Every structure is written in C-alpha cells, then in structure tokens.
Amino acid sequence: MAVYSDIVIEHFQNPRNVGVIPDADASARMESPVCGDLMEVYLKIADGRIQDAKFRTFGCGAAIASSSMATEMIKGMALAEALALTDERVADALGGLPEQKMHCSNLAASAIHKALQGYLEAHPEGQPGK
Ligand code: FES
C-alpha cells in the first residue's frame, strides 16, 4: 500500500495555486500517458521570470499535491530554471512519493515544461527584459 508523507497529504488537502489565469502568458494541458489524468497550468511571465502560476488538475491526490508543490516551486524562477524542474525535484520537495506514483509528479513537471516551451516558441528572444 502506498504511504504518503505529511507534506503530500497537506498539499492534497490544501492545494496552493488552484485556478485559472485568464490573461496567462503561457498555458498548457497535459495528459498522463500512464493513467490519463489531466493537468492544466497557467503562467504569468515577465522579465524572464515566472511571476504567477495556477493549475487545475483532474487526477489523483499525488497529482494534486505535485501540482500544488510544483507551482509553488516555480514562482519567481527564471524560465531556464523552471525548464530544468524534474519530477524527482517535485517528489523530493514533497518528502518523496512511492515509486508507482512518480508519474504523478512527472505530470506536473511535464505540463510546466510544455507551457514554457510554447511560450519560448512564441517569444524566441528568450524574454529577458520583456
Ligand atoms: Fe494519474 Fe496520479 S494516478 S496522475
């Protein structure tokens, strides 16, 4: 049986950054290839940094906790730093995830990467000084 850390349980019960940013500079929807769960992420970006992040996750408790933690982690990050966010770092920040739930933290990291890649394709100058 899966055992969750207190941090996972706390973020699942009180997720941060739930919602939509209507005028987001970047957004993405990602479906887990493992289970079909969905995450939508919305980002506000200025001066090459993530100013705000929100999400809606239609998925398991570990995915909701991972989405909450990942959006907390990337707020204030430079774009390159956020692109380097890995599922392992999200899971570590949550105090670990059972091996069979690592794909849940990967959903959050992948959705963030997809939003940032779309943003950088639309803004190839890389955004410092936007
Ligand atoms: Fe689907 Fe966790 S079981 S993201």
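Just follow the structure's listing: the first ligand is 1, and inside any ligand the first atom is 1. Owing to the predicted nature of the structure, the values given are computational and were not obtained by experimental measurement. When a residue number appears, it is its place in the shown sequence, counting from 1.
- For atom 2 (Fe) of ligand 1, the count of nearby protein N/O/S atoms, taking only those under 2.8 Å, is 2.
- No hydrogens or angles considered: nothing links the side chains of Tyr119 and Glu121 as a donor-acceptor pair under 3.5 Å.
- Checking Glu10, His11, Arg16 one by one against Ser68, the side-chain hydrogen bond (donor to acceptor under 3.5 Å, both in side chains) holds for a single residue, His11.
- Residue Leu38 comes nearest to Leu107 through the heavy atom pair C-CD2, 4.2 Å, listed as atom of the first residue, atom of the second, then distance.
- A 4.5 Å side-chain heavy-atom check between Ser27 and Glu40 finds every atom pair outside the cut-off.
- Among Ile74, Leu85, Val41, Leu83, the single residue meeting the side-chain contact (heavy atoms from CB on, under 4.5 Å) criterion with Leu116 is Leu83.
- A heavy-atom distance below 4.5 Å is not found between the side chains of Val90 and Thr86.
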